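Remember, predicted model here, so these are calculated numbers, not experimental data.
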Amino acid sequence: MPGPVQSIERAAAILRLLAQGSGRLGLSEIANSLGLARGTAHGILRTLQLVGFVEQDEATGKYQLGAALLHLGTSYLDVNELRSRAINWADALAARSGEAVRIGTHLQGKVLVVHHVFRPDDSLQTLDVGMLLPMHATAIGKVLLAYDANAAAAQQDAVKDGELEQFTRRTVRTHREMSRMLATVREHGWASDVDEAGMGEAGVAAPIRGYGGLVVGAMGISGATERICDSGGRPRPDLVGYVRDAARAVSRDLGASRW
């Protein structure tokens, strides 16, 4: 049996990305969100525009869904499906890393925790499901900002209104800092936070992708900085590997053929 057609997967991912937001997205925003070269993204967008599935604003050059494509906004991945596909892998990640595991999605400029596995010890812990976390100060949030153009646009608007909320002296606060941080996340394929949401707290996260490579959520571990990081204050490579392996496994279950 022939395998999936990559160009169609990518086109579907672009359409889902445009369906998720209420505004228009530029070429760079679309390419960065899906990890595509600008030329590749531009070629797909031109084809979608020719068949009426995408429209381009003449004044800004940004893209939006076309009139020929109705009701696509209801087709994005349901949160319940994300949770059900990820539960077993989240449990395994908690056991392997010895740390708490959270899965999150973007909701109105915040990270919505949709699943939480306690750290596998006897310590007193609080369930985080339903909690809203800051995007710019958490590893999960940074992943969503790096790959979800709509989340990034919402955060940039927040920066325009003033500096982002500061939780510690290490919290990212300006547009320049955020842009540099997101470029690093896309380059490495994972994100971390070290003493940014709270002193003595650290985390590592990686993207969860669905069909066509569209990022539909993020999975990460969180715990004490002294356990997550090495003596130099950097996330331990073994923990980074565990997180990336688990996120890729969930992505494969969701149909992301490249992962």
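- The stretch residues 35-48 participates, sequence neighbours left out, in these side chain to side chain donor-acceptor pair (under 3.5 Å) pairs: S28-R38.
- Put simply, the side chain of W190 does not reach to within 4.5 Å of the side chain of P207, judged on heavy atoms.
- The side chain to side chain donor-acceptor pair (under 3.5 Å) check on D253 picks up W89, with sequence neighbours excluded.
- Under a hydrophobic-cluster definition in which Ile, Leu, Val, Met, Phe, Trp and Tyr are linked whenever side-chain heavy atoms come within less than 4.5 Å, directly or via other members, Y211 and V54 are assigned to different clusters.
- Under the 3.5 Å distance criterion, with hydrogens and angles disregarded, a donor-acceptor pair is assigned to the side chains of T225 and D195.
- A pairwise comparison of heavy atoms in D193 and A137 identifies CB-O, 3.6 Å as the closest pair.
- Hydrophobic clustering (ILVMFWY, side-chain heavy atoms < 4.5 Å, transitive): M199 and I228 are in distinct clusters.
- Side-chain contact check for V215 versus I208: every heavy-atom pair is 4.5 Å or farther apart.
- Of all the heavy atoms in I140 and A218, the pair that sits closest is CG2-CB, 3.8 Å.
- Every residue meeting the salt bridge (Lys or Arg N to Asp or Glu O under 4.0 Å) condition with R85, not counting sequence neighbours, appears here in chain and number order: E81.
- Note: the hydrophobic cluster containing L254 does not contain I87 (ILVMFWY, side chain heavy atoms under 4.5 Å, direct or indirect links).
- Minimum heavy-atom separation, M219 to V101: CG-CG1, 4.2 Å.
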Q) Taking it one step at a time, do I103 and V113 satisfy side-chain contact (heavy atoms from CB on, under 4.5 Å)? A) CA-CA 6 Å; I103 297 171; V113 179; over 6 Å; no
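- Atom-to-atom distance recorded for L239:CG and S192:OG is 11.5 Å, nearest 0.5 angstrom.
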Q: Apply side-chain contact (heavy atoms from CB on, under 4.5 Å) to L48 and I14, showing your working.
A: CA-CA 9 Å; L48 291 172; I14 289 176; 4.2 Å; yes
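- Of all the heavy atoms in V216 and L82, the pair that sits closest is O-CD2, 3.8 Å.
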Q. Run the side-chain contact (heavy atoms from CB on, under 4.5 Å) check on Q64 and L18 step by step: do they pass?
A. CA-CA 6 Å; Q64 63 182 10; L18 292 172; 5.6 Å; no
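- Contact check for V194 versus R170: side-chain heavy atoms found under the 4.5 Å cut-off.
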Please report, to 0.1 Å, the donor-acceptor pairs under 3.5 Å made by any side chain of residues 114-122, with sequence neighbours excluded.
| unit_1 | atom_1 | unit_2 | atom_2 | d |
| --- | --- | --- | --- | --- |
| H116 | ND1 | D128 | N | 2.9 |
| R119 | NH1 | D121 | OD2 | 2.3 |
| R119 | NH2 | D121 | OD2 | 3.2 |
| R119 | NH2 | S123 | OG | 3.4 |
| D121 | OD1 | S123 | N | 3.0 |
| D121 | OD1 | S123 | OG | 2.6 |
| D121 | OD1 | Q125 | NE2 | 3.4 |

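- Using a distance-only test at 3.5 Å, with no hydrogens or angles considered, no donor-acceptor pair links the side chain of T168 to the main chain of G198.
- Side chains of D148 and L214 form no contact here, defined as non-hydrogen atoms less than 4.5 Å apart.
- The closest side-chain heavy-atom distance from L133 to K110 is not below 4.5 Å.
- Judged purely by atom type and a 3.5 angstrom limit, T171 has no side-chain atom pairing as donor or acceptor with the backbone of Q166.
- Considering CG of N32 and CG of L182, their distance stands at 9.5 Å, rounded to 0.5 Å.
- Looking at E177 and T174, their side chains do bring a donor and an acceptor atom within 3.5 Å of each other.
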**Q.** Steps toward side-chain contact (heavy atoms from CB on, under 4.5 Å) verdict (E55, Q49)
**A.** CA-CA 6 Å; E55 297 175 354; Q49 188 176 358; over 6 Å; no
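- Looking at heavy atoms from C-beta onward, R10 lies in side-chain contact with Q6 at the 4.5 angstrom threshold.
- Among pairs with a residue in residues 130-144, those fulfilling side chain to side chain donor-acceptor pair (under 3.5 Å) read K142-E196, at least two apart in sequence or across chains.
- Nearest heavy-atom pair, T105 versus G217, reported as atom, atom and distance to 0.1 Å: CG2-CA, 4.2 Å.
- The side-chain heavy atoms of E165 and P134, taken from C-beta on, include no pair separated by under 4.5 Å.
- The distance from the NE2 atom of H175 to the CZ atom of R180 is 11.0 Å, given to the nearest 0.5 Å.
- When all heavy atoms of A197 and F167 are compared, the pair lying nearest together is O-CB, 3.5 Å.
- To the nearest 0.5 Å, the span separating OH on Y242 from CZ on R96 amounts to 5.0 Å.
- Rounding to the nearest 0.5 angstrom, the gap separating the CD atom in E58 from the OG1 atom in T60 is 10.0 Å.
- The CD1 atom of I30 sits 7.0 Å away from atom OH of Y63, with the distance rounded to the nearest 0.5 Å.
- Residues forming a side chain to side chain contact (heavy atoms under 4.5 Å, CB included) with L107 (at least two apart in sequence, or on another chain): L112, L132.
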